[in-house]
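Every chain is numbered from 1, with letters handed out A, B, ... down the list of sequences.
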Amino acid sequence: MTDQVMKGIPGRRDQSTGRVALRAFMRNRMAVLGSMLLCGIVVCAVFAPWIAPHDPLTMKLTHMFEAPGSAGHLLGTDNFGRDILSRLIYGSRISLTVGLVVVGIAATIGSILGLLSGFYGGAVDTIVMRLVDVLYSFPFLILAIAVMAVLGPSIYNVMMVLGLVSWPLYARLVRASVLSLREAPFVEASRAIGAGSLRLMFRQIMPNCISPVLVSAAMGMATAILSTAALGFLGLGVQPPTPEWGTMLSEGKDFIRRAPYMITYPGFAIMLVVLSLNFIGDGLRDALDPRTTHQR
Amino acid sequence: MTAYIVRRILVSVPVILGVTFVVFALVHFAPGDAVRIMLASERVTPEMAAQLRAYYGLDNPWYTQYFSYLGNLLRGDLGTSVTSRLPVSQSILRRFPNTLQLTFASLIVALVIAIPVGILSATRRNSLLDYLSLTTAMVGVSMPNFWLGLLLLLWLGLQHRLLPIWGIGSLSNGLWDVIRHLIMPSITLGTSLAALLTRLTRASMLEVLSQDYVSTARAKGLAERIVQYKHALRNAIIPVITAAGLQFGALLGGAVIVESIFAWPGMGRLAYEAIQQRDLPTIQGTTLVFAVSFVLVTLVVDMLYVLVDPRIRYD
């Protein structure tokens, strides 16, 4: 895709790779759609108190199970008479925060360990990679569920556990890039003029490993949001009455006959966020790496 | 070949050891006291707690405890459930076949959807059908399986009463009974894998179709159908099968959720119930069995890969 972009603008060689990537990204209709959707959700999260028509926690037992579209409640009310739309809007805060924190933890730990592992090789590499192998042998959600079951449910545990369980992906990616960059001429040159290990790692090599990490971060955030909701659904995540989408679904499943909208809307919200992040991740990958095809 | 297989098996030994250690550490190094976590709901005097600790060997140093845990594992002893007082291994053995049934059905659902759609998408690249299948696949990957499960349950189970909403079928009631019970859970579990594999089949097919030997086949005048299905597909399918095997872990993770929705009497539901009841030995046992089965499946996939694709040799 980058090639096409370059051909499309003859005689302009001063384009930075960032700009080329941005253009490629903007050409991907789905990625743009995803970005717009995500922006909308971010706006909802940031301005929740002004956008939400009701307080997400206020119970009105006289207004239980009001159908969607009834007066003042666009998406209806739940089993405690709480406004579902308001709860969804506030819920976006939790999902986005958890997604960001989880990816932050995982990408930081993973990148640093991957960097050390690839740069130093030897014993460091062996230890880190065996640890990665062991963590990879657990089905992701199973490990998260097991740790949450032991630690007990809370939003902080969710973020910590998902972060600590998902770093191996980033470690592998960064290590692979480091291995190919370690002997690259510009690194050799830097080494020759006396750059120390830290400088080589963080100033020379790391910036060149960013693109795969960025792509995985977008998709990792999608996975984190899905997993948070899954944990919430199992009763291991964010606890009621906090309006977390997975927890809302879990509460709704007990009233599936009476108020099916209690499950349809939260699930749709989860899907929308995850979908937009996946579109963005896809777009980023195509934009940042012209070699990849649509594969995952 | 034999050397590779032997080495591959040897490599999995430390991995499985690592897995056992993580499962052990899960409970052992968890903040708080295992006895207290198990008995959180009951009043325990310090003396009783001390007695329990001595009974479970929890007052020994951690490495002693780990080795005795390993020793027990080798003897097939996964501990005793705190709630049912039955050996954990016994409950797992009883439930494991049901989980296998569900995961294999889901795998089949995924492959049956993914391969034809992926091929069509690749051979009609950039057509409306291609865009449609890619977008649907993206939606499928992004859809939470518990949501899909509840929607199916609501629509097919409760509103239209087409399918049973819970439990497993029995062969004594005929094959249809088994299939009927499998439909909703396996679609729920298989959808995101189907979506993922559709994208992969398409990508893999496109890559193979652009290779020289495919052009040669076309140039010598073979019908496009034969080129696509006989020449290209054989190579394109290999990464898809591998990915399907490697995604087995995701299926196992999803099984906990899907089995809890449809009251499927498998290992996932066992784990779910254990979580609800703070039954640590059962949580440990199911986690371990899930992880070890995943390691073994990965091992088998790796070996099949070498058998299927003669171009690959690991020396």
Side-chain angles (χ1 to χ4, degrees), chain A residues 29-30 34 130-131 133-153 219 222 225-227 229-236 245-246 249-250 252-253 256-257 260 263-264 266-279 282 292-296, chain B residues 11 14-16 18-19 21-23 26-27 30-32 37 134-135 138-139 141-148 150-151 153-154 158 196 199-200 202-204 206-207 239 243 248-254 256-257 260-261 271-272 274-276 278 280 283-284 286-287 290-292 294-295 298:
Chain A
R29 253 175 283 167
M30 286 310 178
R130 288 299 84 78
L131 199 59
D133 284 346
V134 168
L135 283 179
Y136 256 122
S137 340
F138 286 93
F140 175 78
L141 199 56
I142 296 279
L143 187 55
I145 288 172
V147 182
M148 284 306 296
V150 173
L151 291 183
M219 299 201 169
I225 289 175
L226 264 183
S227 313
L231 289 173
F233 180 75
L234 291 174
L236 286 171
W245 295 337
L249 253 165
S250 169
K253 74 173 190 278
I256 188 167
R257 282 166 194 269
I263 58 165
T264 38
F268 191 70
I270 300 170
M271 193 183 75
L272 225 51
V273 177
V274 174
L275 189 65
S276 58
L277 282 165
N278 277 334
F279 276 141
D282 237 26
T292 48
T293 41
H294 277 279
Q295 88 184 34
R296 202 173 181 189
Chain B
V11 169
V15 171
I16 289 182
V19 167
F21 185 73
V22 171
V23 171
L26 193 69
V27 171
I37 294 176
L134 275 182
T135 314
M138 202 51 140
V139 172
V141 173
S142 310
M143 194 184 260
N145 53 10
F146 44 91
W147 186 52
L148 177 64
L150 288 175
L151 290 181
L153 188 142
L154 179 69
L158 294 173
L196 206 130
R199 288 159 58 92
L200 189 64
R202 176 183 181 272
S204 167
L206 282 178
E207 197 181 319
F248 186 72
L251 287 182
L252 291 178
V256 178
I257 288 167
S260 81
I261 296 176
Y272 176 71
I275 292 164
Q276 308 295 319
R278 296 167 169 273
L280 286 181
I283 296 174
Q284 264 187 315
T286 47
T287 309
F290 272 129
V292 172
F294 185 33
V295 174
T298 318

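- With a 4.5 angstrom heavy-atom cutoff, A:F140 does not touch chain B via any of its atoms.
- Side-chain atoms of A:W245 do not come within 3.5 Å of backbone N or O of A:G267 as any donor-acceptor pair.
- Contacts between B:I261 and chain A at a heavy-atom distance below 4.5 Å involve the side chain alone, from C-beta outward.
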Exercise for the section: Take A:N278 and A:V274 through the test side chain to side chain contact (heavy atoms under 4.5 Å, CB included) and record every step on the way to the result. Expected result: CA-CA 6 Å; A:N278 277 334; A:V274 174; 3.7 Å; yes

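- Options A:L226, A:L143, A:L135, A:L131 differ in how many heavy-atom pairs under 4.5 Å they form with chain B, and the most are formed by A:L226.
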Practice task
Kindly determine whether A:L234 and B:I275 satisfy side chain to side chain contact (heavy atoms under 4.5 Å, CB included), including the steps that lead there.
Solution key: CA-CA 9 Å; A:L234 291 174; B:I275 292 164; 5.6 Å; no

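- Contacts of B:F290 with chain A are made by both backbone and side-chain atoms, with heavy-atom separations under 4.5 Å.
- For the atom pair OG of A:S276 and CE of A:M271, the computed distance is 10.5 Å after rounding to the nearest 0.5 Å.
- When the candidates B:L251, B:V11, B:I257, B:I16 are compared by the number of heavy-atom contacts under 4.5 Å with chain A, B:I257 comes out ahead.
- Taking chain B as the reference chain and counting heavy-atom pairs below 4.5 Å, the highest number among A:V273, A:L272, A:I256, A:L277 is found for A:I256.
- Annotation: the span from A:I225 atom CD1 to B:S142 atom OG amounts to 11.0 Å, rounded to 0.5 Å.
- Heavy atoms closer than 4.5 Å to chain A are found nowhere in B:T286, neither backbone nor side chain.
- With values rounded to the nearest 0.5 angstrom, A:D133 atom CG is found 10.5 Å from B:T298 atom OG1.
- The minimum heavy-atom distance linking A:G246 with A:I270 is given by the pair N-CD1, 4.2 Å.
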Exercise for the section: Using the side chain to side chain contact (heavy atoms under 4.5 Å, CB included) rule, take B:V256 and A:L141 through it: C-alpha gap first, then chi angles, then the decisive distance, then the call. Expected result: CA-CA 9 Å; B:V256 178; A:L141 199 56; over 6 Å; no

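- With a threshold of 4.5 angstrom between heavy atoms, A:F268 approaches chain B through its backbone and through its side chain.
- With a 4.5 Å cut-off on non-hydrogen atoms, B:L252 touches chain A through its backbone and its side chain both.
- Qualifying ring pair (Phe, Tyr, Trp, His ring centres under 6.0 Å) partners for B:F294, counting only residues two or more places apart in sequence or in other chains: none.
- Top candidate by heavy-atom pairs under 4.5 Å with chain B, chosen from A:I145, A:T264, A:V147, is A:T264.
- Only the side chain of A:M30 comes within less than 4.5 Å of a heavy atom of chain B; its backbone N, CA, C and O stay farther away.
- Your options are B:V23, B:V139, B:L151, B:L148, and the one with the most heavy-atom pairs under 4.5 Å with chain A is B:V139.
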Handout entry: Derivation and outcome, side chain to side chain contact (heavy atoms under 4.5 Å, CB included), residues A:M219 and A:D282
Key = CA-CA 8 Å; A:M219 299 201 169; A:D282 237 26; 3.6 Å; yes

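- With chain A as the partner, the residue from B:I283, B:V15, B:L26, B:N145 showing the most heavy-atom pairs under 4.5 Å is B:L26.
- Most heavy-atom pairs under 4.5 Å with chain A: of the set B:V295, B:T135, B:T287, B:L150, this distinction falls to B:L150.
- At a 4.5 Å heavy-atom cutoff, the contact between B:L153 and chain A is made by side-chain atoms alone.
- For B:Q284, no part lies under 4.5 angstrom from a heavy atom of chain A.
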